[in-house]
Structure formats: structure tokens, C-alpha cells
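Start at 1 with the first residue, then count along the sequence.
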Amino acid sequence: MKKTLFYPIALLLIVLLFSSCKMRSTSLEVLIPAEIDIPQHVQSVAVANRSLPEKGSKLGNIFEGIITGEPLFADREGSNQCTNGLVYKLNESPRFSAVLATSDNLYGTGTRAFATHLSWSAVDSICKNYKADALILLEAFDSNTGKSSDSRRVKKKDKDGNEYYVTEYSAEMCINVNAGWRIYDNVNQVIIDQNSFIDEKCWRGKGETLIKAERR
């Protein structure tokens, strides 16, 4: 009998012991290992947009926008948002301090292809101007928009249960964005990384007419 009562009493004592203890919570900030290994001496970085073409090449980009249906100067706006977004995310990290560098002499190909790497004298000039250890350049940027539509006969019922067929339209728009980056270590004068990243997002809609499907 004593042995039978021992376990419930012991369990009750344990519950009372822990319920009387005060719980404390501690927040801990942990850095997730990055895909790109940045040397420890790189603490501050300057970020700049070098993806836009020179003035003589802009006409070809306008023609491309007309053919593909993209808004004019969409790549200019998109690439600027890309560099702004990187500066914002880097400054959220305790590892780096970042600043957006502006220069009228940084021109790229205006396509998905990388231009020849920037001279080290130019890199050094930008880094000294913004007190940065490294320079991150958006060297290539291109976005493509594609649209498609379709229709099919769909069976429906009226309020009396009678079946009838209607034409249902569907529309799809997909945007594909390619961004190419280079990271210049101005201290050791080496290119730490060069890579392109591709993102795509699609939207779909249905409606009684093609216009309604595209609006959705």
C-alpha cells in the first residue's frame, strides 16, 4: 500500500516544485552561415548599380520593352530597387554596415551579361569616398514579362438545377528577373564572388471574359 502511494505523491511534489520556480527567457542573436564567405576584415561595404547601359545603348532597351510588353524603364526602376533592398538587408545584420554609392560613370551591358570587371583604381576611389572595405556592384540586370491566355467550356447549374455551359477564360502573367552581382575586396584587391540569381513569379486569374481574367 505504501509503495502504491509513493509514485502519485512523488509526482505531486515534482509538479509543485517546478510550478513554484520563476521562468526566465533569454533572447540570443545567432548569425546563420552565409553562402558566400566574406573575409573578416570586410566590415563596411558600398553598394552601387552598374547594370544600366550607356546612353547610346538605351534605344535598344526601349525596343525590347515594346516587343516584350514591359513598361518602359522597368529595368532601371527594378535594378535601383534591387540595390536599395540589398543595402537595407545588410544594415539589418550586425555583421555589416552598408551605404548606397551613386556614380554617373558606372555603366554595364543593360542585359544579363556581365561587363568587364571594374578597374581597381575605380574600386579604390569609390571605397575611399564612402569609407568602405569592399564594393558590391549589381553588374547585370534584366527582367522579362510573359503573358498567356486560354479558354474552356465549363458546366454550371442554374437555380433550378438545370445544367448549362459557359466559356471560362484564364490568363497568366510571369515575370522573370536576373540579377548578377560582383563583390570587390578593396583591401586585398580580389573579387570575392561573382554570381547571377534568377527569380520568377507568376500571377493567374479567371473570369467570364478575357479582360476580367487579366484584371484578376
Side-chain angles (χ1 to χ4, degrees), residues 29-54 57-58 60-61 64-65 68 70-71 73-146 173-203:
E29 192 173 57
V30 179
L31 289 177
I32 300 173
E35 295 181 8
I36 303 169
D37 187 20
I38 305 295
Q40 195 61 35
H41 64 263
V42 176
Q43 300 292 324
S44 58
V45 297
V47 180
N49 186 359
R50 195 197 176 198
S51 66
L52 300 175
E54 295 188 62
S57 306
K58 291 181 180 178
N61 287 40
E64 179 190 357
T68 59
E70 298 172 31
F73 310 113
D75 283 352
R76 171 182 290 276
E77 179 65 22
S79 61
N80 287 332
Q81 291 293 339
C82 201
T83 52
N84 288 336
L86 179 60
V87 170
Y88 175 78
K89 294 302 291 184
L90 287 174
N91 283 325
E92 278 192 330
S93 166
R95 171 72 168 80
F96 301 104
S97 63
V99 61
L100 186 66
T102 57
S103 176
D104 296 331
N105 300 319
L106 293 176
Y107 296 114
T109 63
T111 66
R112 301 189 175 209
F114 280 83
T116 305
H117 68 79
L118 199 65
S119 67
W120 287 110
S121 60
V123 172
D124 184 63
S125 176
I126 295 173
C127 287
K128 285 181 177 178
N129 189 29
Y130 290 92
K131 297 179 175 60
D133 305 313
L135 175 64
I136 303 178
L137 290 181
L138 178 62
E139 303 252 11
F141 188 91
D142 184 57
S143 63
N144 291 323
T145 303
M173 181 178 69
C174 292
I175 297 179
N176 178 283
V177 177
N178 181 97
W181 300 87
R182 273 198 189 112
I183 305 176
Y184 297 81
D185 179 356
N186 190 50
V187 177
N188 295 330
Q189 292 199 343
V190 293
I191 295 176
I192 298 173
D193 188 73
Q194 173 180 316
N195 212 336
S196 293
F197 300 89
I198 299 175
D199 292 289
E200 186 174 73
K201 187 172 180 62
C202 296
W203 295 266

Just so I know, are the side chains of V99 and V87 near enough to count as touching, which here means a heavy-atom distance under 4.5 Å?
no
So which atom in Q40 and which in Q43 form the shortest heavy-atom distance, rounded to 0.1 Å?
O-NE2, 2.5 Å
Value for CG (N129) from OG1 (T102), rounded to nearest 0.5 Å, stands at 8.5 Å
When you measure from the side chain of N91 to the backbone of A98, do you find a donor-acceptor pair of N or O atoms at a distance under 3.5 Å?
yes
Distance in Å, F141 CZ paired with F197 CZ, rounded so as to fall on 0.5 Å steps
13.5 Å
Could you walk me through whether V42 and I183 pass side-chain contact (heavy atoms from CB on, under 4.5 Å), step by step?
CA-CA 11 Å; V42 176; I183 305 176; over 6 Å; no
Kindly compute the distance separating OG1 (T109) from CG (L52), expressed to the nearest 0.5 Å.
10.0 Å
Grab the two heavy atoms, one from A132 and one from A46, that are nearest each other, plus how far apart they are.
CB-N, 3.6 Å
Worked verdict on N176 versus I198 for side-chain contact (heavy atoms from CB on, under 4.5 Å)
CA-CA 7 Å; N176 178 283; I198 299 175; 3.6 Å; yes
Drop me the distance from T116's OG1 to E139's CD, to the nearest 0.5 angstrom.
9.5 Å
So which atom in A179 and which in C82 form the shortest heavy-atom distance, rounded to 0.1 Å?
CB-SG, 4.3 Å
Restricting to non-hydrogen atoms, name the atom on Y107 and the atom on P53 that form the minimum distance, rounded to 0.1 Å.
CD2-O, 3.7 Å
Side chains of L138 and N49, heavy atoms from C-beta outward: is any pair under 4.5 Å?
yes
Restricting to non-hydrogen atoms, name the atom on A48 and the atom on A101 that form the minimum distance, rounded to 0.1 Å.
CB-O, 3.5 Å
Using side-chain contact (heavy atoms from CB on, under 4.5 Å), reason through K201 and M173 one step at a time and then give a plain yes or no.
CA-CA 8 Å; K201 187 172 180 62; M173 181 178 69; over 6 Å; no
Going by heavy atoms in the side chains, are L106 and I126 under 4.5 Å from each other?
yes
Minimum heavy-atom distance between Y130 and L100, given as atom pair plus value:
CE2-O, 3.9 Å
Hey, does the side chain of D124 reach the backbone of W120 with a donor-acceptor pair shorter than 3.5 angstrom?
no
For S44, does its backbone N or O pair with a side-chain atom of D133 as donor and acceptor, under 3.5 Å?
yes
Between H117 and Y184, what is the ring plane arrangement, given parallel below 30°, perpendicular above 60°, and tilted in between?
tilted
Side-chain contact, heavy-atom cut-off 4.5 Å: V47 with Y88?
no
To the nearest 0.5 Å, what is the distance between CZ on R50 and CG on L137?
6.5 Å
In sequence, state the C-alpha distance, the side-chain angles, and the governing distance for L135 and N186, and then conclude on side-chain contact (heavy atoms from CB on, under 4.5 Å).
CA-CA 7 Å; L135 175 64; N186 190 50; over 6 Å; no
Would you give the length of the straight line joining atom CZ of R182 to atom CZ of F114, rounded to the nearest 0.5 angstrom?
6.0 Å
